[in-house]
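Values reported hereafter were calculated over all heavy atoms of this structure, with side chains retained and with hydrogens, waters and symmetry mates removed. Heads up: numbering here begins at 1 and tracks the sequence.
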Amino acid sequence: MLMVGTDFLARDYSEYELRILYNICRQSRWCPKHINQLHLLNGIPTHNKGNAKKALQDLLKINLLQHYNSDGRDDCCIPKKNRDDAIKILRRYEKQYSFIKYLEYIS
């Protein structure tokens, strides 16, 4: 069940959502610095791209990520007010998923 609002820590996240969240945090894409949504799917196997695209839409729907239209591209970023929550979410899953690492270097 998707929850829209600001209580991001109260829900569970899928591996795809976490991969996207990690990619955007690792690249420090806090609004207004944005990234092409397709680039967030890098590193996800082609046969799983459909699940990843759905996960991206879910993150946008709950407002953890913000959509940004740039020169006809669909970009997104993490609003600065959501930065700490995004890192807390990643910390919660850090031991469960090996791709989540070096969180202390995210600025």
Identify the heavy atoms of [X] and [Y] that sit nearest to each other, and give their distance.
| X | Y | result |
| --- | --- | --- |
| Gln27 | Ile35 | OE1-CD1, 3.1 Å |
| Ile100 | Leu90 | CG2-O, 3.7 Å |
| Lys33 | Ser28 | CD-O, 3.8 Å |
| Ile24 | Cys77 | CD1-CA, 3.7 Å |
| Leu60 | Cys76 | CD2-CB, 4.1 Å |
| Leu38 | Asn36 | N-OD1, 2.9 Å |

Roughly how far, to the nearest 0.5 Å, is the [atom2] atom of [Y] from the [atom1] atom of [X]?
| X | Y | atom1 | atom2 | value |
| --- | --- | --- | --- | --- |
| Asn63 | Lys61 | CG | NZ | 11.0 Å |
| Ser14 | Ile20 | OG | CD1 | 7.5 Å |
| Lys54 | Leu59 | NZ | CG | 10.0 Å |
| Ile44 | Lys53 | CD1 | NZ | 10.5 Å |
| Arg26 | Ile106 | CZ | CD1 | 9.0 Å |
| Glu94 | Ile87 | CD | CD1 | 11.0 Å |

Q.
Quick one, Leu65 with Leu56, criterion side chain to side chain contact (heavy atoms under 4.5 Å, CB included). Give me CA distance, side-chain angles, the key distance, then yes/no.
A. CA-CA 9 Å; Leu65 301 183; Leu56 177 60; 3.7 Å; yes
(Q) Pair Asp58, Tyr13 - check side chain to side chain contact (heavy atoms under 4.5 Å, CB included), show working. (A) CA-CA 10 Å; Asp58 289 347; Tyr13 291 84; over 6 Å; no
Q.
Can you confirm if the NZ or CZ of Arg11 lies within 45° of the ring axis of Phe8 and under 6.0 Å from the centre of its six-membered ring?
A. no
Q: Give every residue pair that meets the ring pair (Phe, Tyr, Trp, His ring centres under 6.0 Å) criterion with at least one member in residues 42-97, sequence neighbours excluded.
A: His34-Tyr68, Tyr97-Phe99
Q.
Counting only heavy atoms not in Lys80 (residues, nucleotides, ligands), do more than 12 fall under 6.0 Å from its NZ?
A. no
Q.
Restricting to side chain to side chain donor-acceptor pair (under 3.5 Å), what partner residues turn up for Arg91, sequence neighbours left out?
A. none
Q: Only counting residues at least two apart or in another chain, list the ones meeting side chain to side chain donor-acceptor pair (under 3.5 Å) with Glu15.
A: Arg19
**Q.** Contacts of Cys25 that satisfy disulfide (SG to SG under 2.5 Å) - sequence neighbours left out
**A.** none
Q.
Applying ring-ring contact (aromatic ring centres under 6.0 Å, His included), can you list everything that pairs with Tyr16, at least two apart in sequence or on another chain?
A. none
Q) Using a side-chain heavy atom cutoff under 4.5 Å and only I, L, V, M, F, W and Y, what cluster partners does Tyr105 have? A) Tyr102
Q | Candidate pair Leu64 and Ile89, rule side chain to side chain contact (heavy atoms under 4.5 Å, CB included), full reasoning | A | CA-CA 11 Å; Leu64 184 56; Ile89 291 164; 4.0 Å; yes
Q: Using a strict 4.0 Å threshold on nitrogen-to-oxygen distance, state whether Asp84 and Lys88 make a salt bridge.
A: no
